[in-house]
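Since the structure is predicted, the reported quantities are computational estimates derived from the model, not experimental observations. A, B, ... follow the sequence lines: proteins, then strands. Residue 1 opens every chain.
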There are 2 protein chains.
Amino acid sequence: MSAGGSLREVSRRAVQSRIARTAESLFAEKGFEETTVDEIAEAVGMSQRSFFRYFASKDEVVFDSLERLSEELAQRLAARPLEEPAWDSLRRSFDPVAERFADPEHRDHDAAIQRIIDRSPRLLSAYLGRLERLQRALTDALVARSVRRAERGQDVVVLRAMVGGACACLHAATVHAGADPEVFGPSLDRAMEALRPAEV
Amino acid sequence: MSAGGSLREVSRRAVQSRIARTAESLFAEKGFEETTVDEIAEAVGMSQRSFFRYFASKDEVVFDSLERLSEELAQRLAARPLEEPAWDSLRRSFDPVAERFADPEHRDHDAAIQRIIDRSPRLLSAYLGRLERLQRALTDALVARSVRRAERGQDVVVLRAMVGGACACLHAATVHAGADPEVFGPSLDRAMEALRPAEV
DNA sequence: CCGGAAGCGTCAGTGACTGTCAAACATTAC
DNA sequence: GTAATGTTTGACAGTCACTGACGCTTCCGG
């Protein structure tokens, strides 16, 4: 379980990044569905079989960077002070997303990925599946926090719905902002202010 | 565009229902991934090619009934009185879902479908994709209503987030309730009460 | 130098899906 | 009744994502 530091893990990640970068440029160029795994593998210079040794599916390549962002969000939430209202903790745990919008390097990359996703209904579904997993992780964090605060009354359904609502704000802001960092932050704040739950 | 009344449309729907019923029992029996389209087609008594003439994909069979429920929800929302707060309109447009939980016939069917979906990550993603489409429809309805109320201030992002929040409540209640109708209604109400936006 | 472990390519196979074509069938026109 | 017309179907072949098996190489500790 020791967090991925072993030499071999590192080189594995390097190869994955190389594949991801290559694939993304192909996807951006010709579209996701129109790009075959064979083409990606050839562009990288490996066999199709090896491609599937680094990614379990063609979809996963697209979410390579997103996956790590998700983990970061969940960790952020868990690290928030106990006394902070849950809704604010959720908002603050979304900060890394806003930061990525601010950084030109990440922004262009993320915008490209988002364009790829938006053009493929299948990828959009897969993306929402990831988001659902993120929501489970965030809900778990909120439940754990509620236990640590020794709250009895907290209702799992409400926590779950709250996380869903917060992620809906995130999603709405992302969709609405496109790649514009000036729009994203304010949109997210407006949405989350409007949906803020009364108490908790 | 005349809503599906033509003789041919009706018989088409009949065949689709027959396929769906057959497929669902196979899925429930052996699981979604483990059931091949060939098996479904043979059980129905048609070629694989014909199966794909009635459903664009294996996934679609599972969502056959859900799709019509979605349409009903969107229509309900559009039919709600203009002066009703948006959040209440959303809650009321979810009533058909609760009604289905109450009806034993539908409940068992829906519970079976939900079990099938829950067992397959791929189907879960597809399901979320449908939910996203529903959200778009609901958002459109709210936007149209906001226009008809001649409101200037309404913010698309906020409306979008509100719909997302409401659907998150619906989803949370569904997941939490399993097949228990006694749990679903109260869960949905608690979640939606907790997330109710301040105004609008 | 030898042993095994790890990474890789090749090959063969499955299953979802698509295009094409020709036969079967029903529909309507005459 | 028959011919023309259109719709529905099965058969066949092909693509693409993905998987399992096998055998080769490379690298590393003993």
Can you confirm whether [X] is buried at [atom1], in the sense that more than 12 heavy atoms of other residues, nucleotides or ligands lie under 6.0 Å from that atom?
X	atom1	answer
A:R119	CZ	no
A:R13	CZ	yes
B:E72	CD	yes

State whether a side-chain donor-acceptor pair under 3.5 Å links [X] with [Y].
X	Y	result
B:E99	B:H106	no
A:R160	A:Q135	yes
A:R122	B:S125	no
B:S89	B:R76	no

Regarding D:dG20, can its base be found pairing with the side chain of A:R49 as donor and acceptor, where the two atoms are less than 3.5 Å apart? yes
Does the base of C:dG7 carry an N or O that pairs as donor and acceptor with the side chain of A:R12 under 3.5 Å?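 By the distance-only test, no, there is no pair.
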Salt bridge (Lys or Arg N to Asp or Glu O under 4.0 Å) evaluation trace for B:E34 with B:K30: CA-CA 6 Å; B:E34 290 71 26; B:K30 327 183 355 178; over 6 Å; no
In whole Å, what is the span from the [atom1] atom of [X] to the [atom2] atom of [N]?
X	N	atom1	atom2	answer
A:R122	D:dA17	CZ	C1'	8 Å
B:R53	D:dG6	CZ	P	18 Å
A:F55	C:dG7	CZ	P	15 Å
B:F52	C:dG19	CZ	P	12 Å
A:E60	D:dA17	CD	P	15 Å
A:F51	C:dT10	CZ	P	17 Å

Every protein N/O lying under 3.5 Å from an N/O of nucleotides 23-28 of chain C:
none

Can you check whether A:Y54 has a side-chain N or O nearer than 4.0 Å to OP1 or OP2 of C:dC8?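 For A:Y54, the contact criterion (side-chain N or O under 4.0 Å from OP1 or OP2 of C:dC8) is met.
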For D:dA11, does OP1 or OP2 lie under 4.0 Å from any side-chain N or O of B:S47? no
Per atom distances to the A:S57 side chain, the nearest of D:dG10, D:dC18, C:dC17 is D:dC18
Shortest side-chain distance from A:Q48, nucleotide among D:dT19, C:dC17, D:dC22: D:dT19
Heavy atom of residues 22-46 of chain B under 4.0 Å from DNA chain C: which residues?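 Here the set is B:T35, B:T36, B:V37.
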With the threshold set at 4.0 Å, does a side-chain nitrogen-carboxylate oxygen contact exist between B:D95 and B:R92? yes
